[in-house]
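Any value given below was found using the heavy atoms of this structure, including those in side chains, with hydrogens, waters and symmetry copies removed. Just so we're on the same page: letters track the sequence lines, and every chain starts at 1.
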Number of protein chains: 2
Amino acid sequence: MVKYEAQLDAVFTALAHPARRAMLARLGRGDATVSELAEPLDMSMPAVTKHLKVLERARLISRGRNAQWRPCRLETTPLNEASGWIEEQRKVWEARLDRLETYLHSLDKQPRKKR
Amino acid sequence: MVKYEAQLDAVFTALAHPARRAMLARLGRGDATVSELAEPLDMSMPAVTKHLKVLERARLISRGRNAQWRPCRLETTPLNEASGWIEEQRKVWEARLDRLETYLHSLDKQPRKKR
DNA sequence: TTCGTATTTAACCATATGGTTAAATTAATC
DNA sequence: GATTAATTTAACCATATGGTTAAATACGAA
């Protein structure tokens with residue numbers, strides 16, 4: 001079990017911009033060219049290229065080549081790592097809240113005998 | 001159903017730094033003061049304060065006051081929103097892959113009659 | 001080889017991030 | 001009121017982000 005810290009940094013960074021989330025959402029429905037990803041985005045093509053680099057660095061997309069098109073494909077593993085981190089945290093805090101609840105119930109049901 | 005875009009931006013931004021993830025992981029085990037959060041972090045207190053602001057802006061923590069201490073508490077709702085976004089995407093791409101698989105099976109089982 | 005289309009790179013700009021040290025603030029205690 | 005401890009603010013610096021326009025590149029087609 002390694003430390004994915006830097007990988008998680010890159011993935012959460014990539015998810016932190018609405019344009020990049022929109023691109024990922026689009027790619028979830030199937031591969032797309034850069035122009036197709038750019039079409040709904042109201043920004044220049046160079047800006048789109050930059051966002052794609054952020055997604056690539058996070059390994060959230062891979063790219064092919066087809067003539068002058070560079071199709072993008074969603075890679076789901078990093079998203080699993082990201083939600084995995086959150087789910088791990090959820091386990092921690094839910095376990096803590098369970099212990100707290102158990103403790104509070106024990107106070108209810110075992111009325112103090114002394115004092 | 002509103003658009004949480006800006007909120008999601010803030011949450012994923014907050015999750016994109018290892019020090020902030022460490023703080024959240026610590027808070028998952030229970031409330032903590034700023035000094036307690038800072039202790040394992042190898043950075044100055046002002047740096048810690050800045051990270052706390054990022055977490056607050058994302059509503060990932062709330063803060064109290066107890067004399068000169070400013071205890072921090074984990075707020076889990078934004079984490080649910082973040083993992084919720086990822087899970088929604090998962091539904092989309094899994095549905096697509098299911099359709100693809102169904103289609104491929106249909107090709108197997110219905111050998112082309114003509115052509 | 002030239003033309004047209006898709007995409008990227010270069011150069012630039014403004015703002016945000018992430019860190020520092022020094023000073024200010026807040027609140028308990030002596 | 002002065003002292004001490006916890007925390008924040010101010011001022012500064014370097015680098016990253018997110019955008020632009022203009023130029024370069026890559027490739028198919030004419």
- Task: Could you go through the side-chain contact (heavy atoms from CB on, under 4.5 Å) check for A:D31 and A:C72 one step at a time?
- Result: CA-CA 6 Å; A:D31 296 0; A:C72 303; over 6 Å; no
- Query: Between B:S83 and A:R90, does any side-chain donor sit less than 3.5 Å from a side-chain acceptor?
  - Reply: yes
- Hey, is CZ on A:R70 packed in by over 12 heavy atoms from elsewhere, all under 6.0 Å? yes
- Can you establish whether the number of heavy atoms outside B:R73 located under 6.0 Å from its atom CZ is more than 12? no
- Nucleotides bounding contact with chain B, strand DNA chain C, heavy-atom threshold 4.0 Å: C:dT17 to C:dA28
- Task: Say whether B:W69 and B:L27 are linked into one hydrophobic cluster, either directly or through other cluster members, by side-chain heavy-atom distances under 4.5 angstrom.
- Result: no
- Query: With under 30° as parallel and over 60° as perpendicular, where do the rings of A:F12 and B:F12 fit, or are they tilted in between?
  - Reply: parallel
- For DNA chain D, whose closest nucleotide is more 5', that of B:T33 or that of A:H17? B:T33
- List the protein contact pattern of nucleotides 23-30 of chain D with one symbol per nucleotide (5' to 3'): B for base contact, S for sugar-phosphate-only contact, - for none; contact means a heavy-atom distance under 4.0 Å. ---SBS--
- Message: What contact category does A:M45 fall into here, base, sugar-phosphate, or nothing, at under 4.0 angstrom with non-hydrogen atoms?
- Response: base
- Minimum heavy-atom distance between A:E75 and A:P78, given as atom pair plus value: O-CD, 3.4 Å
- Query: Going by heavy atoms in the side chains, are A:R63 and A:P71 under 4.5 Å from each other?
  - Reply: no
- Message: Distance check needed: D:dA6 C1' versus B:L37 CG, whole Å only.
- Response: 13 Å
